[in-house]
Each structure stands twice: as structure tokens, then as C-alpha cells.
Amino acid sequence: MNTLTNLELAQLLRKMAAAYQILDENRFKIIAYERAADSIEHLTSEVKDLWDDGKLDEIPGIGQQIAKHIDELFRTGHITHFDAVMKRVPPAVFPLLLIPGIGPKKAYKLVTELDIDGKEEAVRLLAEAARAHRIAPLDGFGEKSEADILAAIETYNKGEIKENRMELPLADSIAQEVIVYIKKLGSQVIEKIDVLGSLRRQVATIGDIDIAVATQKPDTVIARFVTYPHQKLIEQGPTGASLLLHNGRQVDLRVQNPPSYGAMLQYFTGSKNHNIKLRSYGLTKGKSLNEYGIKDVKTGKMRSFGTEEEFYKELDLPWIAPELREDKGEIEASAAGKLPQLLTRADIKGDLHIHTNYNLETSHDLGTDPLSAYLDRAAGLGYKYIGISDHNPSVTKHTASQIVEIMKRRKDYYDRQTQGKNVHVFVMCEVDIQPDGKLALPDSAFDFVDAVIVSIHSSFTQTRKEMTARVIAALIAHPKVRIFGHPTGRLLTKREGVELDWKEVFAVCKERNIALEINAYPQRLDLPDSIVYDARKEGLKFCINTDSHATSQMDMMRYGVSVARRGWCEKRDIVNALEYNEFRSWLLKN
DNA sequence: GCCGTTTTCGGCCCGACTGTTTTCAGTCG
């Protein structure tokens, strides 16, 4: 077992947690394993690397014991203790855990009572047992749960599992439609309505959509909500309901009376880990938090809060922006009065990654709109400058001198177009980093650009070592390399990012004052927020760009700003939040 | 099993919903 990814390691720890649950181990031990798994899953560096450096103890939620187990795993390929525990649990329980509604206890009961054997066949055998009505007679089960299990298996087999996440614009539009539908009840009933959960925190991909309503007529609101066109009513109670829509997306509604709405917003925004930490923090002050308010542990007296600001204030904390609520130190920072002054969309003065329809014979996509249209849109957005970063001309269809000629012609064209405009234009280029690390633009063509963005568009599966060397070679290939474009190359829900030694890349960027791009295109959001967070700590600078291929896409800037905010960025961390003169000095290095 | 601005011991977030139950266990977020 030479390589074990973070995800695999997290899965292993979750498996242990499930096994312990079946074996009725101490429940806090179970929680400890689940936390360790969570923590590892959200790590930006590989556990293997941390282990190499003897830094396992820096991972939150990993203590002496689990560190010892991980050490054994990396040294020998197995963990004696885990193997012993797993021997006491039938392997067939684990595949059943993937079915919604089945947890460790039920899985164990089903597997043992129904004699389900074999890992591969477990789900199929369970479905057969359900069809043969062998589940309903079991203790703790009944007709309804038998039917539910069968339905859940069918959903699972269709591939409609929870890990079917969506990008932000789709989540936005679904949420808005549902909100408009609920709001038809009128402002008498709907006093406030908000999108919460991961969408409010602006996580890169969204699972379920969460909506909260402040109302004095909860029954009316819930009744209205469940008439929204849906495929299935998942659950309904006095405080809320959940729907599965026809597009396979789940929408959760929670209602609350207006005086307690602040606690509701806080609770329903999450993240789960933020809430857990905040509740622990509250307890140190003798205060117990829940979705209705804050209870004094001694007196048992409950206080409610109409707004989130009041809720946090009760804990002597300044309000924490939703994008920060991931338990990455925001509660401690708030308590110390050291929360960042987060970047806002209004701070952005320009967009440096724009593709126009000028045909420079690239092998990638051209934009659809002319420069003039982008300039109009940029003025509308309040920008002071933009950068035109068309893809380089195709290197397979042209000789070097032809490329130089194309680039010269293009510069002349843009220079004529930009005279007398009040938005400044930088003539740039998005240059491919070829598999060997060479830039796809001849040296002499650099005379016809102000600066370039370098990015990877091919050979995504090189090893970490090759990829790191490739990127660094490109970053130092020419002084006009100023931005590293969509650094991981990931496409959300489609393609994983490349493997890079970030420390090395950060060091080179810092030395040459190169900015890391935060690509705001919703399918990219690249750099990912967690790497932005790490890079910012190292003092790196960022350039937030939309990578627009049409003027309408320039509006996606806000998603890039969200990524920066989730990475704790302030205005000073972002090069395109600089005024024109300062930005120009940075870009042109003078 | 983890962790520390009261602690190296003794705590550990909190509640809703469902289906099965006559007061609760399991699952989920």
C-alpha cells in the first residue's frame, strides 16, 4: 500500500467508526473517528506528506492513538488493531451503509438476521429479502420500513445518490424559483425568507438547498411549500419539510417565528463543524445553543434572537460572515477581534482574463463578443481596467515566425480599438503550459503583449513530481508571466484537479511576485478556497478573473469573490482590487 | 479517542423526524 489518498484514509476511519457503533463502543470514541475522517477529508495537503515530515499531530482531530495507527498503515500497509476489530463485523454491512436510511445498527441487524453474506452481493440480497417480505417480521422493523428499504435501494441503484452535487448558478436559480413560489403567500405571512446552508456559505458545489422563513403562520408556509411541484415529499413536520424535486434536487425548508429567526439563520447556515465548535464555545460560557435561541445552563432560562448579530453578540462574539463558518479558526479569530475585513465585489477594479472574438487562430475556443462589447460591460461593472487574454495561436498549425506575426497584428488591432476609451486595456494572452513545461508562445512574441497568464490545458494526469516541475518551468520561463491561470485545472463534478507540490509552487510565485488566479467561472472556482486559505497564509497574492468567453459571463465575478472570501482574503490580498496605476506597476513590474 | 483562556481528567452539540414503539432507537443534518 504505497499510496493511500486522503479520501481513502477518511473512508477507512469512517468504516472503523461504523464498526465501533455496531460493537457498542463508547460513543465519543465513535465521534472521534468520524471527526478524524472529516478532518482528513478537508485537508489540503496529503496525509502521506505530513507523515513523511513527522507532522501527523498537526491534523486537528488526530491524537496519539489514531496517529499511531496511521503511522503503522504507512509503514506496513495495514493496521493490526483495525484488522482485529473488522474481524468482529461481517463485511456485508459496509455496502449497505451507502443506502439512505440505513446506518450501522440496522445494517448489522439485517445482515445477521437475514444471513446476508458477501460484500459484492449484499445490496442485491437485501432487495431480494425485502421483496420476499422477510424484513417486516424482524424486531424493530415493519411493513413501512421494508417498503422504504426497497425504495431506497431502487433510488440507489439508479445512481441518484447524495453525492450528486450542483454548481452555484444552478443552485441559485432553483432556490430563487422556490422562494418566489413561497413568497406568493404575501409579506403578511412571509416576514423574512433566506437561502441558507452551503449556498449561503457559497461552497463551490451544493448538495441540498436550504431555505428558512420567518413567519407567525408556520403551518400555512409549510402547506404552501409542499405544493411546489415535486417528485417526492421526503419528510414533513411542524418545523419544516423536505422535497425531492423532479430534477433530482432536494430542497429543505425550515420555519421559525420572527423573534427566534436569528437562531434559525445561524443554525441552518452551518457548517455543521462551525456549529459544533460554536456550541462547545457557548458551553464554556455556561450557554447552551440550539436553533431556537440560547439557554443559560444554570437558570434554564432561554433567550431568543431576531437576528444573527444578536445571537453571536450573546456569546460576546462579533458576527462572523457565512463564508468563514467552516471551523477554520473563525470563532477564535472573532473572540480575539481578529476577523479579516473580507473582500467585497465592489473592491474589484478589473477583470484580466477575457476572451474576445478576435481570431488569432488558436486551437482553443474564441470568445463570442468583440472588445467593444466587453469595454461597455466593464464600464457598467465599474471597472477601471481589463485584460484581454485570448488563447495563444495554435502551435501545431503555425511556425514560430507566423505566431509572432499573428501576435503583432493582434496588438496593432487592439491598440487601435482602445484609443479614447475610459476603461484601460492590457493586451495579454493566455499561454498554454505544454507537457514539458515550455510555453506555447515564442520568446519574440512576448514583445506584443503586456503580460501573460499561463495555464494547463492538456496532460492533466502527470505525476505530482512531473507536474510540479512542469509548472515551475513555465512560471520562470519569461518575466512577463504574471498570473498562474486556473491552477488546479479542475472541472467541478467532472474532473479532479492536478497533483502539485503547492509549497514549491507558492515559493516560486512569491519570489517572482506572480499572482495565483482565482478563476470565477462556476465550473472551475480554481484555486479552490482551501488552497486560497493556505496560500494567503504564505503571503501569496491573487487575481480574480472570470475567464469570460461572452460579456454576460463577466457577471460571474461574484463567485470568484466568494472563493476569495472563503479563503479569508482581504482587499490587500487581491491584485485586481488595486487602483489602475498600482495595478499597472504590479503587472508590468515597474 | 480527542482535548484544554477554569482542566492532563472528565468532559465531549443539539434537536427533528420516522417507525416502531408504549418511552425509545436509529438516522440525519
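All values below were derived from every heavy atom in this structure, side-chain atoms included, with hydrogens, water molecules and symmetry-related copies excluded. Chain naming here is simple, since letters A, B, ... match the order of the sequence lines and numbering starts at 1 in each.
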Next on the checklist: Once you apply a heavy-atom cut-off of 4.0 Å, does A:I30 come out as touching a base, just sugar-phosphate, or nothing?
Outcome noted: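 Touches nothing.
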Checklist entry - If you look at every strand shown and take non-hydrogen atoms under 4.0 Å, does A:E332 touch a base, only sugar-phosphate, or nothing? => result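 Result for A:E332 = nothing.
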Nearest-Å distance once atom [atom1] is located in both [N] and [M]:
N      : M      : atom1 : value
B:dC3  : B:dT8  : C1'   : 9 Å
B:dC24 : B:dT5  : C1'   : 40 Å
B:dT6  : B:dG1  : P     : 28 Å
B:dT20 : B:dT27 : C1'   : 14 Å
B:dC9  : B:dT18 : P     : 45 Å
B:dC17 : B:dT23 : C1'   : 16 Å
B:dA16 : B:dG10 : C1'   : 29 Å
B:dT21 : B:dG26 : C1'   : 13 Å

Candidate nucleotides [options], ranked by approach to the side chain of [X] - the nearest:
X      : options                : value
A:Q21  : B:dC13, B:dT27, B:dG1  : B:dT27
A:R254 : B:dA16, B:dC14, B:dT27 : B:dA16
A:N290 : B:dG15, B:dT27, B:dC12 : B:dG15
A:A32  : B:dG29, B:dG1, B:dA16  : B:dG1
A:K29  : B:dG1, B:dT27, B:dC13  : B:dG1

[N] OP1/OP2 closer than 4.0 Å to side-chain N/O of [X]:
X      : N      : value
A:Y281 : B:dC3  : no
A:K144 : B:dG19 : yes
A:S288 : B:dC13 : no
A:N275 : B:dC13 : no
A:S280 : B:dC13 : yes
A:T239 : B:dC17 : yes

If the threshold is 4.0 Å, N to carboxylate O, is there a salt bridge linking [X] and [Y]?
X      : Y      : value
A:E332 : A:K277 : yes
A:R254 : A:D194 : no
A:D49  : A:R464 : yes
A:R325 : A:E308 : yes
A:R14  : A:D38  : yes

Item to check | Of A:Q236 and A:D24, the one whose closest DNA chain B nucleotide lies more 5' | outcome: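 Here A:Q236 is the residue nearer the 5' end.
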Item to check | A:I31 or A:K285, whichever maps to the more 5' nucleotide of DNA chain B | outcome: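 The residue whose closest nucleotide sits nearer the 5' end is A:K285.
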Checklist entry - Within 45° of the six-membered ring axis of A:Y261 and under 6.0 Å from that ring's centre, is NZ or CZ of A:K192 located there? => result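 Not flagged: A:K192 not positioned over aromatic ring of A:Y261.
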Residue [X] excluded, over 12 heavy atoms near [atom1] under 6.0 Å:
X      : atom1 : result
A:K287 : NZ    : yes
A:K109 : NZ    : yes
A:R27  : CZ    : no

Taking the inter-plane angle between the rings of [X] and [Y] on a 0 to 90° scale, is it parallel (under 30°), tilted (30 to 60°) or perpendicular (over 60°)?
X      : Y      : answer
A:H69  : A:F82  : tilted
A:Y33  : A:Y20  : perpendicular
A:W568 : A:Y533 : perpendicular

Can you check the [X] [atom1] to [N] [atom2] distance for me, whole Å?
X      : N      : atom1 : atom2 : answer
A:Y33  : B:dC3  : OH    : P     : 13 Å
A:L278 : B:dC12 : CG    : C1'   : 16 Å
A:I206 : B:dG29 : CD1   : P     : 15 Å
A:D148 : B:dG26 : CG    : P     : 17 Å
A:I102 : B:dA25 : CD1   : P     : 20 Å
A:D38  : B:dG29 : CG    : C1'   : 12 Å
A:I222 : B:dC17 : CD1   : P     : 8 Å
A:R35  : B:dG11 : CZ    : P     : 17 Å

Next on the checklist: With no hydrogens and no angle check, just 3.5 Å: does a side-chain donor-acceptor pair link A:E191 and A:Q216?
Outcome noted: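 A pair is found: one side chain offers a donor N or O, the other an acceptor, under 3.5 Å apart.
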Checklist entry - For DNA chain B, which residues in residues 54-71 of chain A have a heavy atom at a distance below 4.0 Å? => result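 Hits under 4.0 Å, by residue number: A:P60, A:G61, A:I62, A:G63, A:Q64, A:Q65, A:I66.
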All N/O pairs under 3.5 Å across the protein-nucleotides 21-23 of chain B interface:
none

Checklist entry - When you check the glycosidic angle of B:dT5, does it come out syn, meaning within 90° of 0, or anti? => result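 For B:dT5, whose glycosidic angle is more than 90° from 0, the conformation is anti.
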Item to check | Stepwise side-chain hydrogen bond (donor to acceptor under 3.5 Å, both in side chains) test for A:Q21 and A:Y108 | outcome: CA-CA 10 Å; A:Q21 228 163 317; A:Y108 181 70; over 6 Å; no
Checklist entry - How would DNA chain B look in dot-bracket form, 5' to 3', counting Watson-Crick and G-U wobble pairs with both distances under 3.5 Å and writing | for bases paired to another strand? => result ((((....)))).((((((....))))))
